[in-house]
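Letters A, B, ... mirror the listed sequences (proteins, then strands); counts begin at 1.
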Amino acid sequence: MSHASVPDKPVLEGLEAKWTPRWDADAVYRFDRTAPRERVYSIDTPPPTVSGSLHVGHVFSYTHTDVIARFQRMRGRAVFYPMGWDDNGLPTERRVQNYYGVRCDPSLPFDPAFVAPDKPASQAVSISRPNFIALCAALTAEDEKAFERLWRQLGVSVDWALTYATIGRHAQRVSQAMFLRLLAAGRAYQTEAPTLWDVDFRTAVAQAELEDRELPGAYHRVRFAWASGGGQVEIETTRPELIPACVALVAHPDDARYRSLIGKNVLTPLFQVPVPVKAHPLADPEKGSGIAMICTFGDLTDVTWWRELALPVRAVIAPNGALRPVTWGASGWESGDAAAAQREYDALAGLSAVKARVKIVERLKETGDLIGEPKPITHHVKFFEKGDRPLEIITSRQWFVQTMNAREALIGRGRELQWFPSHMRSRYENWVNGLNGDWCVSRQRFFGVPFPVWYRVRPDGTTDHDARLVPAESRLPIDPSTDTPDGFEPGQRGAPGGFVGDPDVMDTWATSSLSPFIVCGWETDAALWKQTFPMDLRPQAHDIIRTWLFSTVLRSHLEMDALPWKHAAISGWVLDPDRKKMSKSKGNVVTPMGLLEEHGSDAVRYWAAKGGPGVDTAFDASQMKVGRRLAIKLLNASKFVLAKTEPAGPVTEAIDRGMLQRLASLVREVTQSLEAYDYAAALRETEAFFWTFCDDYIELAKRRRAGDGPGAASACAAATTALAVQLKLLAPFLPFVTEEVWSWWREGSIHRSAWPVADEIEAVAGPGGPEDAMFRRASEITALLRSKRSALGLGFGVRVRATDLTLPGETDRAAWAAIERDVLAGNNVMDAAVRFLPSGVFDATIEAMPADG
RNA sequence: GGGCGGUUAGCUCAGUGGUAGAGCACCGGCCUUACACGCCGGCUGUCACAGGUUCAAGUCCUGUACCGCCCACCA
């Protein structure tokens, strides 16, 4: 065997640049299309939002998945490990708007000569929808390259031949086809209803995209006069600007204070609108004055009351968040004094909700309808998670997918799924149980998958939303804004008797939720589908259980009546050292690529893999240094082992056999841990063994190994065997350094080599038994001698004699004889006077030998 | 308000019934022909708190406190 390729001074620098292209060229991670299903391991890789920033959280969770992928590959599985890019949706639109300083105006015609500005102008440039989409596509292509560079540098072993984009043609086709099937099955429907609405993005949003934020607000105590009888009643509201939208007051049916008022009318202040007082059990006598103003719509409770009490709609908030124009009086809204109402309202119309609030409070003060001063409070307000202003509730026509009637079945699916860690299931159940409406899947946006639907235009030019036209699946994907339904001519678009396209696009989760269908070749590649679906693993972080995981389970349940995967491995988050979620700004300071360059990819992976499944983990550069140290140690130990592999012979020595026996049991444990997705435990155990291997085994055996007799042959064989096994155990974690060492000495990629098997090691070393104990005892004696040496200030170079070495009774003479030579040589001890004491005393007295020796 | 997780050495974390652990940090020593990007040794703990079960509890049970997250409510 030639070891010419073992370098004198091995270094980590440059290993990423060396191996990444080689893995690519050798197709090391290429999926085997010929593998039978039982040998396939398929992974539903999370498609990262490419327009989001790259941050260490990505590195963290993708490393976890990659460790599993590499482990399964070495176990002989054909790993189906695609990579997707989530490029559609709002994050991209927002990034394009800011990056180029443009704004999409769907009413504009396509401008083929349009060139994107180099830098954003102070005033946003309005461009057509096709121009806007082109910019989105161009920018995401750039973003995807940055992600790919990062994944390659990190050593993520995806098959780069298997990539998809959620805005790509194939993903659009799958999204549209599955939507049409839901529509045909009656599981998707369109309705006009109050919907959560973001006023800046001007789109509907779903329950899953909400988040609460704490905002300062104030209770305004406002007087409503009785319509007759001269009394008055006081309500408290945080949104006085919605008084013109008030349709009723509501009190609890058992609330004695207001019982006599139920069924009577009161007049809204300023606008003099007669509104009824109603009873409803949801009204809380403890809150505010115990009687509430129902507006259309201030919050979700208003929607409930409005629906259950069959109240009219008086909507004042326009899609852009401003108060819309309203006509009062005979031809408009009812008022006891229409002229006054119009005057009051005109002062508010066009203002944002916040500005209108200030204004109306002034007026209420002037009229005396505001009782006392507003009382400042802090309260939670619903926001779109990507939004900047509180959500409004606006009535609009939207597409929904039925979920409420599937809730029980979905809970069942969650129980079928194997979760790692298992407690993450409760987050899922929590979410499913808390659902309060069907899934709103339509968005009034541009860069997304369009709904493949047209509507007939009535002779009078209005749209007949009930007269839907849908394409055959074979035509998909289509864009109804440019494609024409069968049987129509393009010229009929928008014309009476013609057609119009549905203007909306799908929620990004409506496409992401189909990732297994997109990657596994649903309806397009029957062989691949059979090979890969249902998938083996869904890896993801816990924050998107309610979105991605939930919606994928839902879609698979509806389409396949089955789970989309067997296992869900949930990663935690990366936290700041102060235990807060790693903030965006911080994530940008610590760029992932910078980390990889500074510490080396293997070192960063080491830190990531130490964060166990589901465990939020502190960002910790010191752990990366430890990982780097491990990688360097691996280089040096390997160099040492491979510097002498001859003579090789039967493993006969106790120390050698004991070390290998422990290694065999390590292999069993590590394999078990990785099968259970506990990569952190696997790494911990392997690492601990490796340091023992270096610090104890090598030190004990190296002098014997230096010879050329049977003892040396035993040591050489044991050391090379152990090295190969440890490299393999570490390969999923440290793919670069292990591949480098492997290449010094073996053919092919370590990442395609067979995972070690304990039985094979034991075939060489014998099953765990007396030698295992002897090796442990040798380590203990070594620790004792080192401690004595240190106490006397004797460096290792000083040869010593043990004038008295007392060993516990259970160390019998035969066992000692088997390890004596190695223990003495490994500790630079000339000779030892040994006593065996049944009392269990374990001690040594040593003294320095004359310098000459 | 409901749910889930956590609380172990200065820090980051292992440890699911049997004498408290690792790494980092810190202190001291060592050039020992794989590695000074190294090696050796040492210091460090009322295992959050209170009860209970047990021969035995960091570990199991009950409760409390605090931290984090998810959800709900938010007139």
Subject >> Opposite nucleotide pairing with rU7(B), Watson-Crick or G-U, both atom distances under 3.5 Å >> reply: rA65(B)
**OP:** Determine which nucleotide pairs with rC47(B), using a 3.5 Å limit on both distances of a Watson-Crick or G-U wobble pair.
**Re:** none
Original post:
Is the phosphate of rA22(B), meaning OP1 or OP2, less than 4.0 Å from a side-chain N or O of Lys610(A)?
Top reply: no
Original post:
What is the distance from CG of Leu792(A) to C1' of rC30(B), rounded to the nearest Å?
Top reply: 14 Å
Subject >> Non-hydrogen side-chain atoms of Gln207(A) and Asn436(A) separated by less than 4.5 Å >> reply: yes
**OP:** Mind running salt bridge (charged side-chain N to carboxylate O under 4.0 Å, His left out) on Arg786(A) and Asp696(A) for me, showing each step along the way?
**Re:** CA-CA 11 Å; Arg786(A) 284 169 178 170; Asp696(A) 290 0; 3.4 Å; yes
Original post:
Is NZ or CZ of Arg629(A) both nearer than 6.0 Å to the six-membered ring centre of Tyr606(A) and within 45° of the ring axis?
Top reply: no
**OP:** Select base, sugar-phosphate, or nothing to describe what Ser289(A) touches, counting heavy atoms under 4.0 Å on all strands.
**Re:** nothing
Subject >> Pairwise P distance, rC39(B) and rU19(B) [rounded to whole Å] >> reply: 30 Å
**OP:** For Asp255(A), enumerate each residue passing the salt bridge (charged side-chain N to carboxylate O under 4.0 Å, His left out) test, keeping only those at least two apart in sequence or located in another chain.
**Re:** Arg257(A)
Original post:
What closest approach, in Å, do Thr645(A) and Cys716(A) show between heavy atoms, and which atom pair accounts for it?
Top reply: O-CB, 3.7 Å
**OP:** Check the distance between rC74(B)'s C1' and Leu282(A)'s CG and give it to me in whole angstrom.
**Re:** 12 Å
**OP:** Measure the distance from CD on Glu669(A) to C1' on rG15(B) and round it to the nearest whole Å.
**Re:** 13 Å
Original post:
Is the shortest heavy-atom distance from the side chain of Leu210(A) to the side chain of Glu385(A) under 4.5 Å?
Top reply: no
Original post:
So, for Ile262(A) and Lys278(A), which heavy atoms are closest and what is the spacing to 0.1 Å?
Top reply: CD1-O, 3.6 Å
Original post:
When you compare rA9(B) with rC49(B), how far apart are their P atoms, in angstrom units rounded to a whole number?
Top reply: 11 Å
Subject >> Whole-angstrom distance between rU46(B) and rA57(B), as gauged at atom C1' >> reply: 15 Å
Original post:
Is Arg546(A) close enough and on-axis enough to Trp509(A), meaning under 6.0 Å and within 45°, for cation-pi?
Top reply: no
Protein N or O to nucleotides 1-6 of chain B N or O, pairs below 3.5 Å:
unit_1 : atom_1 : unit_2    : atom_2 : d
rG2(B) : N2     : Asn430(A) : ND2    : 3.2

Original post:
Distance between the P atoms of rG45(B) and rC4(B), in whole angstroms?
Top reply: 35 Å
Subject >> Electrostatic pair Glu209(A):Lys386(A) at N-O distance under 4.0 angstrom >> reply: no
**OP:** Using both distances under 3.5 Å as the test, list the Watson-Crick or G-U wobble partner of rG21(B), or none.
**Re:** rC13(B)
Subject >> Closest contact, heavy atoms only, Met293(A) versus Ile243(A) >> reply: SD-CG1, 3.8 Å
Subject >> Interatomic distance where CD1 belongs to Ile393(A) and C1' belongs to rC74(B) [whole Å] >> reply: 12 Å
**OP:** Give the intermediate values and the outcome of side-chain contact (heavy atoms from CB on, under 4.5 Å) for residues Arg605(A) and Val67(A).
**Re:** CA-CA 9 Å; Arg605(A) 290 172 63 103; Val67(A) 167; 4.2 Å; yes
**OP:** Take atom CG of Leu683(A) and atom P of rA22(B), then tell me their distance rounded to the nearest Å.
**Re:** 18 Å
Original post:
How far does the C1' atom of rA56(B) sit from the matching atom of rG17(B), given to the nearest Å?
Top reply: 7 Å
**OP:** Let me have a per-nucleotide readout for nucleotides 32-44 of chain B, 5' to 3', with B, S or -, counting only protein heavy atoms under 4.0 Å.
**Re:** B-BBSBSSSSS--
Original post:
In whole angstrom, what separates Lys625(A)'s NZ from rC24(B)'s C1'?
Top reply: 11 Å
Original post:
Across the strands shown, which category fits Ala283(A) at heavy-atom distances under 4.0 angstrom: base, sugar-phosphate, nothing?
Top reply: base
Original post:
Quick one: on RNA chain B, does Gly288(A) or Asp620(A) contact a more 5' nucleotide (nearest heavy atom)?
Top reply: Asp620(A)
Subject >> Within 45° cone of Phe640(A) ring axis and under 6.0 Å: Lys702(A) NZ or CZ >> reply: yes
Original post:
Would one find a side-chain N or O of Gln207(A) under 4.0 angstrom from OP1 or OP2 of rC71(B)?
Top reply: no
Original post:
Which whole number of Å gives the distance between the C1' atom of rG3(B) and that of rA20(B)?
Top reply: 33 Å
Subject >> rU44(B) to rG63(B) separation - P atoms, rounded to the nearest Å >> reply: 38 Å
**OP:** Taking only the side-chain nitrogens and oxygens of Arg546(A), find out if one of them lies under 4.0 Å from OP1 or OP2 of rC71(B).
**Re:** yes
**OP:** Scan Arg239(A) against the nucleic acid and name what it touches under 4.0 Å (heavy atoms): base, sugar-phosphate only, or nothing.
**Re:** nothing
Subject >> Toward the 5' end of RNA chain B, by each residue's nearest nucleotide, Val250(A) or Asp678(A) >> reply: Asp678(A)
Original post:
Using purine N1 to pyrimidine N3 plus N6-O4 or O6-N4 for Watson-Crick, or N1-O2 and O6-N3 for G-U wobble, each under 3.5 Å, what pairs with rG1(B)?
Top reply: rC71(B)
**OP:** Mark yes or no for a side-chain to base donor-acceptor pair under 3.5 Å between Asp212(A) and rC73(B), with no hydrogen or angle criteria applied.
**Re:** yes
**OP:** Describe the nucleic acid contact of Leu242(A) in one word from base, sugar-phosphate, nothing, applying a heavy-atom distance below 4.0 Å.
**Re:** nothing
Subject >> Same-atom distance (P) from rG15(B) to rG6(B), integer angstrom >> reply: 10 Å
Subject >> Whole-Å gap separating C1' (rA22(B)) and CD (Glu687(A)) >> reply: 9 Å
Subject >> Strand partner of rC26(B), provided both Watson-Crick or wobble distances fall under 3.5 Å >> reply: rG42(B)
Original post:
Could you state the CH2-C1' distance from Trp607(A) to rA22(B), rounded to the nearest angstrom?
Top reply: 20 Å
